[in-house]
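The structure appears below as structure tokens.
Convention: sequence-line order gives letters A, B, ...; per-chain numbering from 1.
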There are 2 protein chains.
Amino acid sequence: MIAIPALGGSVGTTEKVAEAIRSGIRTGQFVPGQHLVEAELTLRLQISRSSLREALRHLSGDGIVAIHRYRGAHIHRLSRKEVRDLLEVLEQLVRLAARRGAGSTREKRDLMDAALEAARRHDEDGGHHLYLSVRQAFYDALFEVADNQELPRVTPLRRADLFRAQIRPYQTREQQEAHTQGYRLIAQAVIGGDVAAAEAAVGALFAQTYAMVETLPDIAFEME
Amino acid sequence: MIAIPALGGSVGTTEKVAEAIRSGIRTGQFVPGQHLVEAELTLRLQISRSSLREALRHLSGDGIVAIHRYRGAHIHRLSRKEVRDLLEVLEQLVRLAARRGAGSTREKRDLMDAALEAARRHDEDGGHHLYLSVRQAFYDALFEVADNQELPRVTPLRRADLFRAQIRPYQTREQQEAHTQGYRLIAQAVIGGDVAAAEAAVGALFAQTYAMVETLPDIAFEME
DNA sequence: ACAGATGAAATCGTAGGACGATATTGACGG
DNA sequence: CCGTCAATATCGTCCTACGATTTCATCTGT
């Protein structure tokens with residue numbers, strides 16, 4: 001008998017817990033800087049301390065939580081410099097993805113239509129939650145057309161979620177829509193197969209973001 | 001009383017175990033594809049299963065070990081495509097580091113002298129172990145002058161160690177020396193403050209590596 | 001009232017045991 | 001030789017325990 005490894009369902013407790021925490025960050029249930037007390041979390045998530053600690057260790061590898069000896073795990077809070085550094089690295093990787101995507105075959109590139117469709121929906125009814133799903137759809141599609149397995153591995157998108165959580169109170173809806181528009185321009189350039197335009201569109205999007213970061217107040221960031 | 005957090009010594013068991021395994025990969029004690037049996041490792045390293053599992057979870061985040069449910073942890077073995085993808089991402093990040101490094105202040109750039117010194121030693125007596133320390137010194141210095149905290153976080157250097165381990169039997173000494181020479185050229189360009197030359201030197205080094213990968217036999221890689 | 005000392009409580013780090021779930025292996029029969 | 005099946009190995013998860021360290025409230029002397 002051939003083993004059928006239940007394609008989606010064989011996900012372990014550790015991964016489920018990690019996703020619960022990541023999701024909690026996106027929904028605001030966990031806030032950057034917050035102390036994650038093991039005893040409390042094991043109760044809330046109904047899991048053992050072993051599984052929780054494995055999940056926290058996993059998240060610490062992604063830079064989502066910081067673990068200090070005998071002081072436990074905290075949701076990491078980015079400093080302004082950390083955000084600048086993060087964005088700079090992110091930009092390079094997204095540029096690479098866009099270049100590869102725009103240079104791929106016609107059929108592959110059509111995968112980005114999903115991202116465009118999501119962006120269109122965001123235009124009509126643009127809440128924060130919808131923005132996040134647009135962003136998710138955009139990057140999923142981009143990595144798919146880029147056809148580079150390493151890219152989603154190293155791209156610090158989940159770490160960027162920390163950034164999104166920290167700046168949420170200072171984000172205007174116009175800024176969010178401008179950002180979504182940036183995604184749309186990148187997607188169109190990729191679909192059109194225009195490598196140079198795609199990379200330029202990425203540059204424009206990040207230039208916008210760098211500028212936005214500098215307008216934010218100090219209290220949005222961890223001090224050093 | 002001010003707490004003095006013992007700067008180097010407060011490293012936990014998890015990190016020590018993870019480093020032991022990483023080091024074991026470099027020394028050939030562990031070989032890509034190898035099954036890591038928990039019971040055996042807890043005995044060899046004299047630690048509890050809890051700590052070991054936390055360490056394995058950490059390493060799986062870095063892509064060093066692959067964990068499959070009920071089949072445990074294996075040292076990951078890269079396929080040829082994974083290597084190509086890895087190198088492509090690595091190149092972008094090293095380019096960024098070189099650009100930033102070459103554009104930094106004069107004093108900062110002098111930090112790269114350590115890397116040059118290490119490379120000089122490798123020329124005289126070039127064993128594999130020394131090559132690895134040259135490589136380490138080079139990247140340490142490069143990240144230092146690049147002054148971007150995110151860069152060492154995301155750069156898949158430890159994953160590239162897997163690559164090094166897999167191709168070791170097929171590497172000639174000349175190829176290793178050519179690679180070291182590539183490091184030296186990058187370092188010189190960075191110290192000289194020539195941004196364009198630094199980035200070009202990175203491109204040359206990776207072009208060399210891409211070509212080398214294609215000359216390797218299939219058995220050096222995981223099949224798909 | 002307040003800075004610093006002190007001790008109690010909270011929390012973490014590590015070890016180790018238990019047991020069901022699953023994969024792997026090897027024996028068996030066709 | 002191939003498929004079936006049971007035995008074994010190994011993993012995933014939960015649990016308990018206890019020393020180590022931090023954190024916090026209390027106390028003390030000025």
At under 4.0 Å, does any side-chain N or O of B/Thr13 touch on OP1 or OP2 of C/dG13? no
Answer yes or no: does a side-chain N or O of B/Arg71 lie under 4.0 Å from OP1 or OP2 of C/dT22?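 No, B/Arg71 has no side-chain N/O under 4.0 Å of OP1/OP2 on C/dT22.
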Partners passing salt bridge (charged side-chain N to carboxylate O under 4.0 Å, His left out) against B/Asp113 (at least two apart in sequence or in another chain):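 Salt bridge (charged side-chain N to carboxylate O under 4.0 Å, His left out) list for B/Asp113, sorted by chain: empty.
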Using a strict threshold of under 4.0 Å (side-chain N to carboxylate O), is an ion pair present between A/Glu19 and A/Arg22?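 Counted as a salt bridge, because a side-chain N and a carboxylate O are separated by less than 4.0 Å.
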Taking only Lys NZ, Arg NE, NH1 and NH2, and the carboxylate oxygens of Asp or Glu, determine whether A/Glu91 and A/Arg95 approach each other closer than 4.0 Å.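 A salt bridge links A/Glu91 with A/Arg95.
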For [X] and [N], give me the distance from atom [atom1] to atom [atom2], rounded to whole Å.
| X | N | atom1 | atom2 | result |
| --- | --- | --- | --- | --- |
| B/His74 | D/dT10 | NE2 | P | 11 Å |
| B/Ile67 | D/dT13 | CD1 | C1' | 14 Å |
| B/His68 | D/dT10 | NE2 | P | 18 Å |

If you find the nucleotide of DNA chain D closest to A/Tyr70 and the one closest to B/Gly72, which residue's nucleotide is nearer the 5' end? B/Gly72
Tell me if a side-chain donor or acceptor on A/Arg100 pairs with a main-chain N or O of A/Asp147 at a distance below 3.5 Å.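 Such a contact is found between A/Arg100 side chain and A/Asp147 backbone.
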Name the one of A/Leu86, A/Val89, A/Asp85 that satisfies side chain to side chain contact (heavy atoms under 4.5 Å, CB included) with B/Gln149? A/Asp85
Positions of residues 35-54 of chain B (non-hydrogen atom under 4.0 Å from DNA chain D), listed by number: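 B/His35, B/Leu36, B/Val37, B/Glu38, B/Arg49, B/Arg53, in order of number.
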Below 3.5 Å, can you tabulate the donor-acceptor pairs from side chains in residues 216-224 of chain A to any protein atom, sequence neighbours excluded?
residue  : atom : partner : partner atom : Å
A/Asp218 : OD1  : A/Arg80 : NH2          : 2.7
A/Glu222 : OE1  : A/Arg77 : NH1          : 3.4

